[in-house]
A.B. asks: 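Take a look at this one; I'll ask things after.
Just the heavy atoms: all of them, side chains too, but no hydrogens, waters or symmetry mates, feed the values below. Residue numbers begin at 1 in each chain, while the letters A, B, ... track the order of the sequences. Computed from a prediction, not measured in an experiment: that's the story for all the values here.
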Amino acid sequence: MALTPGDGVVVVVVDALAPVDAVGELGAVACDHAVSDDVAKATASASLRVGFIGSPFRARAAKWPALACDCRAPAAFEPGLEPVGAGGGRPAAGLSAPESARNPIAREPLRPKLLQYAVRRIPVVVALVLASAGIGGCAPAMAPIDPAARSAYDPGLVAQGAALAALGNCRACHTARNGQAFAGGEPMHSRFGTIYSTNITPDPETGIGRWSEEAFRRAMRKGLRNDGDHLYPAFPYDHFTRVTDEDIHALYAYFMSLPPVSSTPPHNALAFPFNLRIGNALWKRLYLHEGPRPPDPAKDATLARGEYLVEGLAHCGACHTPRNFLQAEKRDRAYDGGDLEGWHGYAINAKNAAPIPWEREALASYLRNGYHPWHGASRGTMGIVTRELANAPEADVNAMAAYAASLMGPADPARRSRGRALARTPLARNAGAASSASAVLYETACLQCHDGSRELPFGGVPLAYSLGLNGESPRNLINVIVHGLDPAPGDTSPMMPGYAGALNDGEIEALVQWLRENLTDKPRWDGVAALIRESRAMNADMLLFPPGGTGADPAAQPARN
Amino acid sequence: MASFEVNGKAAKVDAEPDTPLLYVLREDLQLNAAKFGCGLGQCGACTVLVDGEPVFSCLMPIAMVEGKKVTTLEGLGSAENPGALQRAFIEEQAAQCGYCIPGVMMRAAGLLKKTPNPSDAEIRDALLPNLCRCGTHMRILRAVRRAAKA
């Protein structure tokens with residue numbers, strides 16, 4: 001190892017008595033451990049390793065020879081570097097015997113001991129050490145370009161980029177509420193703290209005005225900034241890495257053609273050690289599989305296009321796949337549904353619980369219009385997605401719908417015929433005796449619109465059709481009851497009054513459970529009360545989305561409300 | 001039978017539990033300020049305060065009002081002795097046809113109770129659920145500002 005402390009290196013020593021996924025937890029625990037002697041010695045040696053020492057997960061550890069900054073000084077890495085954990089708990093060079101080597105418990109079978117360790121809060125020797133002050137650079141900085149020397153882009157290429165930006169929903173994260181389009185500053189929350197999106201207008205000082213196309217491509221593919229530092233995966237480069245050179249070229253032309261906005265987003269507010277960007281190197285090693293995938297020749301062109309978009313630029317999994325605690329999508333549970341920014345992205349695989357099963361035509365219509373009479377309205381984070389997709393090429397949205405429908409698979413005939421029967425059955429008013437306050441409320445308030453007499457967007461979706469009632473999480477149902485659906489400014493859209501002021505938490509909970517019990521065949525929800533409190537605390541502006549969207553005219557981007 | 005309080009007075013009404021509060025106010029209690037507009041919670045003409053919160057009385061079953069305190073426009077003052085908010089609306093001549101105004105005023109009353117000195121943005125945000133077809137919006141905004149200063 002040729003690195004010295006001056007090379008800007010973080011040494012991470014992990015004695016993981018836990019699965020790979022637990023590294024984040026261990027890191028968090030490490031925060032309140034004083035830096036140990038081991039760490040001091042490790043620092044002195046500046047050997048660049050993340051090791052799973054003495055771990056029963058050696059097999060997994062062996063997959064990563066050296067998890068660290070492999071871009072700044074690639075020559076410094078010995079290609080055949082033995083994984084720290086692979087040698088039967090052999091400590092890393094330069095380290096004193098780590099705790100695991102000294103502690104016999106660490107060598108015993110894991111399961112029974114793991115809990116014990118967790119309880120004692122000494123599960124690890126984790127140290128995350130800044131080996132030097134020079135942590136900033138982990139990859140070579142890209143040569144800045146001269147914005148003045150940039151030539152105008154072909155309008156056709158810019159329009160193509162605009163369409164791609166709409167498919168990628170770049171705007172939602174890169175535009176702060178009441179901010180200029182694409183000027184960044186929108187907070188994104190996670191258990192580690194808050195990350196603010198960046199300014200991707202071509203402002204030379206605060207945006208990407210000095211980024212070359214190569215730098216832009218590197219950010220998309222590898223999650224690196226112009227200066228070589230790591231981007232957080234809140235920027236979904238695990239998906240964007242699949243975008244082709246050609247599409248990146250068009251996206252670059254589009255963003256570089258936007259009006260530059262001088263705006264610096266607030267500093268990220270992340271807890272140690274997640275505020276150290278170098279940690280992303282580890283994340284990438286675990287979860288980033290770089291580069292576009294060759295299209296599957298067995299798929300027809302529409303499905304292949306849909307797959308390319310859904311898995312790549314449109315990054316649907318970012319919300320619709322549950323995340324592990326390192327905020328990576330759980331690959332073994334792809335599209336099982338996930339929570340983000342106070343909303344639930346429903347399962348879009350075989351677990352999708354829509355009473356009238358989704359079909360590709362319905363899905364395409366929903367994605368383009370933001371509602372479907374058999375499925376309801378898209379709001380919250382998805383509302384912004386569908387607003388953007390309204391401006392995307394129809395063929396692409398249809399392809400995405402085809403692929404997403406294929407993820408859900410064909411509904412079994414019984415479910416399909418139940419769905420069809422449901423869609424044909426006129427709703428019986430006064431179906432049950434109004435025996436509870438919730439039943440009365442359903443009759444008096446909900447049914448005024450949700451009686452099926454007028455199709456969306458002029459009436460509400462019959463609630464028996466709604467994934468909000470039938471899906472795996474009550475979160476969106478609660479959000480909509482609490483905040484309502486504000487009318488989309490300047491647009492035709494469904495709307496619904498919010499009941500935050502009219503109903504107290506107990507009344508909302510009773511209503512939510514009543515709806516679930518009486519209008520679906522699913523069991524009662526868990527955790528409703530907590531979700532109601534969360535919903536009340538969330539910014540109701542989340543429900544508003546701006547007029548317009550990412551269109552072909554980048555100069556006419558309205559501010560997001 | 002539903003028991004609740006309206007404008008500081010106890011009210012007892014013999015009505016089916018799913019009867020909207022608006023119907024009870026207008027038909028049983030002869031409090032006619034709140035108006036029926038859309039019946040869907042989309043226009044705001046029926047807005048009254050229930051325990052201080054503006055609600056669409058057309059969508060509020062009387063069963064949900066049991067034991068609560070309802071305030072209607074009549075509770076803010078009378079024609080002979082208008083309250084501060086009512087005076088402000090008169091002084092700004094903030095009504096044209098006037099159908100929406102009782103609901104607007106109740107929404108504004110709910111706002112001023114919580115936020116005595118609202119910014120223009122807060123007034124606009126608060127009044128968003130109330131529609132006015134005549135277009136007296138600028139006068140309405142002025143009236144709410146005037147009431148806040150009164």
A.B. asks: Do Met64(B) and Val440(A) touch side chain to side chain, with heavy atoms closer than 4.5 Å?
C.D. replies: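 A side-chain contact is absent here, since even the closest heavy-atom pair is not under 4.5 Å.
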A.B. asks: Locate the shortest heavy-atom distance separating Ala502(A) from Lys68(B); write the atom from each residue and the value.
C.D. replies: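 Shortest heavy-atom separation between Ala502(A) and Lys68(B) comes out as O-NZ, 4.2 Å.
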A.B. asks: Check step by step if side chain to side chain contact (heavy atoms under 4.5 Å, CB included) holds for Val55(B) and Tyr499(A).
C.D. replies: CA-CA 8 Å; Val55(B) 304; Tyr499(A) 287 81; over 6 Å; no
A.B. asks: Non-hydrogen atoms of chain A under 4.5 Å away: do they reach the side chain of Pro20(B), the backbone, both or neither?
C.D. replies: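 Its backbone and side chain both get close to chain A.
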A.B. asks: For a 4.5 angstrom cut-off between non-hydrogen side-chain atoms, does Glu53(B) reach Leu503(A)?
C.D. replies: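 Result no, sub-4.5 Å side-chain heavy-atom pair not found.
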A.B. asks: What distance separates Arg454(A) CZ from Leu40(B) CG, expressed to the nearest 0.5 Å?
C.D. replies: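 Nearest 0.5 Å value for the CZ-CG distance: 5.0 Å.
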A.B. asks: I'd like to know if the side chain of Thr444(A) reaches the main chain of Asp18(B), judged simply by a donor and an acceptor atom lying under 3.5 Å from each other, with no hydrogens or angles considered.
C.D. replies: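 Yes: the side chain of Thr444(A) pairs with the backbone of Asp18(B).
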A.B. asks: Measuring from atom SG of Cys58(B) to atom CD of Gln448(A), what distance do you get when rounded to the nearest 0.5 angstrom?
C.D. replies: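 Between Cys58(B) SG and Gln448(A) CD, I get 7.0 Å after rounding to 0.5 Å.
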A.B. asks: Identify the residues of residues 85-94 of chain B whose heavy atoms come closer than 4.5 Å to a heavy atom of chain A, ordered by number, or report 'none'.
C.D. replies: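 From residues 85-94 of chain B, none sit under 4.5 Å of chain A.
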